[in-house]
2 protein chains.
Amino acid sequence: MNPLHLSNQLCFPFYAISKEISKRYRTILAPFNLTYPQYLVMLVLWEQDRIPLKAIGRRLQLDSGTLTPLLNKLIQSGYIEKARNELDERELVIKLTDAGHSLREQAASIPLQIQRVLGLTDDEYKRYKGMLDELSQKLNM
Amino acid sequence: MNPLHLSNQLCFPFYAISKEISKRYRTILAPFNLTYPQYLVMLVLWEQDRIPLKAIGRRLQLDSGTLTPLLNKLIQSGYIEKARNELDERELVIKLTDAGHSLREQAASIPLQIQRVLGLTDDEYKRYKGMLDELSQKLNM
DNA sequence: CGCTATTAGATTGTATACAATCTAATTTGA
DNA sequence: TCAAATTAGATTGTATACAATCTAATAGCG
């Protein structure tokens, strides 16, 4: 067994599958004018609105260098807006606009669409999800 | 169960773990002046030298828009060189340089180092690998 | 043979990622 | 209290990704 052989690498299928999933999201998210990372930001904001950039970054494991331009795109698309926390002016508070709120209902069909293009049964989906959550744990993420 | 909740997404842990793995590779690959995608190209070439860009792209699922600049970096680093197939001048043949060949021996320690920073046992490693290969299959990749 | 279709790479434009650095605001400790 | 340390974001520079388009070379076919 050659550990330098591509087919023996754990990391490559992660890399490849992750790219493949993003690609399949691209088609589904295009009508909403969203990319996959932008969609993730929207998911976070639909869970909790009016949170600082920092909190979004913690949740998605992204830093300001990535989030600043990404949030600006979401502003351009009309889904969010920026404000400053008056108690701590360093803090940039991200708020959903009306369009951002109503997008939530239109986006409700996305998870099912994704499951369909991935072609996984509920059981498979759950099994893979369990494995990934376990691995996240082991990696201290 | 809210399917729009981040914690119920299969795709997010893929995205997050994939980024995390790349980050851990970064430290290990830095002494070799390689990024993770560049390392993948080297793995492919160590398996088979003198193959066209197209073949590397098929293997890594990357197109010329990604590979052209990436290969130019590897040329700058002195690990590969470009040539044209004389029988088909469209084809760009990628060849390892002497430095590229000898890098292979120096890189032999990388897989173990990665396994160490990931903190996985052999069994865990194999189990995850099996699941991912299975999923790749299901996704027709 | 010569024209059309196809193919391989390169290029352009857009969108992440992330390290490193910078600025402004807040916190902390002598 | 007030200078030093810390923190939140923004900015800069480098490196992917990938769709779309372009160019040059080859293949296919009437």
Side-chain angles (χ1 to χ4, degrees), chain A residues 11-12 14-27 29-30 32-42 51-77 80 82-94, chain B residues 11-12 14-27 29-30 32-42 51-77 80 82-94:
Chain A
C11 308
F12 176 62
F14 256 111
Y15 166 81
I17 294 174
S18 181
K19 280 192 305 157
E20 177 66 23
I21 290 177
S22 287
K23 225 176 287 183
R24 297 193 187 184
Y25 264 103
R26 202 165 292 132
T27 320
L29 294 176
F32 303 105
N33 199 25
L34 286 176
T35 64
Y36 181 59
Q38 290 170 14
Y39 171 66
L40 291 177
V41 168
M42 295 306 290
I51 54 174
L53 180 151
K54 197 75 182 176
I56 300 176
R58 250 194 314 275
R59 200 71 198 288
L60 300 180
Q61 291 156 54
L62 294 172
D63 69 6
S64 70
T66 302
L67 282 175
T68 297
L70 195 157
L71 294 173
N72 288 337
K73 299 270 154 50
L74 286 174
I75 292 171
Q76 280 173 36
S77 300
I80 65 168
K82 286 178 173 180
R84 287 282 167 180
N85 179 350
E86 287 183 11
L87 298 173
D88 184 343
E89 291 282 347
R90 290 171 304 181
E91 237 181 48
L92 184 71
V93 180
I94 307 300
Chain B
C11 307
F12 175 62
F14 255 111
Y15 166 82
I17 294 174
S18 182
K19 279 192 306 158
E20 177 66 22
I21 290 177
S22 287
K23 224 176 288 183
R24 297 194 188 183
Y25 263 102
R26 203 165 292 132
T27 320
L29 294 175
F32 302 105
N33 198 28
L34 285 176
T35 64
Y36 182 58
Q38 289 170 14
Y39 171 66
L40 291 178
V41 169
M42 295 307 288
I51 54 174
L53 180 152
K54 197 75 181 177
I56 299 175
R58 250 193 314 275
R59 200 72 197 287
L60 300 180
Q61 289 156 57
L62 293 171
D63 69 5
S64 70
T66 302
L67 282 175
T68 297
L70 195 158
L71 294 173
N72 288 336
K73 300 269 155 49
L74 286 174
I75 291 172
Q76 279 173 37
S77 300
I80 65 168
K82 286 179 174 179
R84 286 283 166 178
N85 179 349
E86 287 183 9
L87 297 175
D88 184 344
E89 290 283 346
R90 289 171 304 182
E91 237 180 48
L92 185 71
V93 180
I94 307 300

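So that the names make sense, note that chain A is the first sequence line, chain B the second, and so on, each numbered from 1.
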I'd like to know if the side chain of [X] and the backbone of [Y] have a donor-acceptor N/O pair within less than 3.5 Å.
X     : Y     : answer
A/Y36 : A/K23 : no
B/D63 : B/T66 : yes
A/R84 : A/R90 : yes
B/K19 : A/Q61 : yes

*Plane angle bin for A/Y39 and A/Y25 - parallel if under 30°, tilted between 30 and 60°, otherwise perpendicular*: tilted
*Strand-adjacent residues in residues 82-89 of chain B, judged by heavy atoms under 4.0 Å from DNA chain D*: B/L87, B/D88, B/E89
*Give, ordered by number, those residues of residues 51-69 of chain A having at least one heavy-atom distance below 4.0 Å to an atom of DNA chain D; if nothing qualifies, reply none.*
A/P52, A/L53, A/K54, A/S64, A/G65, A/T68
*side-chain contact (heavy atoms from CB on, under 4.5 Å) between A/I17 and B/F14, worked out*: CA-CA 8 Å; A/I17 294 174; B/F14 255 111; 3.6 Å; yes
*When you list every nucleotide of DNA chain D with an atom under 4.0 Å from a heavy atom of chain A, which one comes first 5' to 3', and which comes last?*
D/dT7 to D/dA19
*Given DNA chain D, 5'-ward residue of the pair A/N72 and A/R90, judged by closest heavy atom*: A/R90
*Could you state the interatomic distance from CE (B/M42) to CD1 (B/I56), rounded to the nearest 0.5 Å?*
10.0 Å
_For a side-chain contact (heavy atoms from CB on, under 4.5 Å) check, start with the C-alpha distance between A/R58 and A/K54, then their side-chain angles and the critical distance, and finish with the verdict._
CA-CA 6 Å; A/R58 250 194 314 275; A/K54 197 75 182 176; 3.8 Å; yes
_Tell me the closest heavy-atom pair linking B/S64 and B/P69, and the distance in Å._
O-CD, 4.0 Å
*What is the minimum heavy-atom distance between B/L53 and B/L67, and which atoms define it?*
O-CD1, 3.8 Å
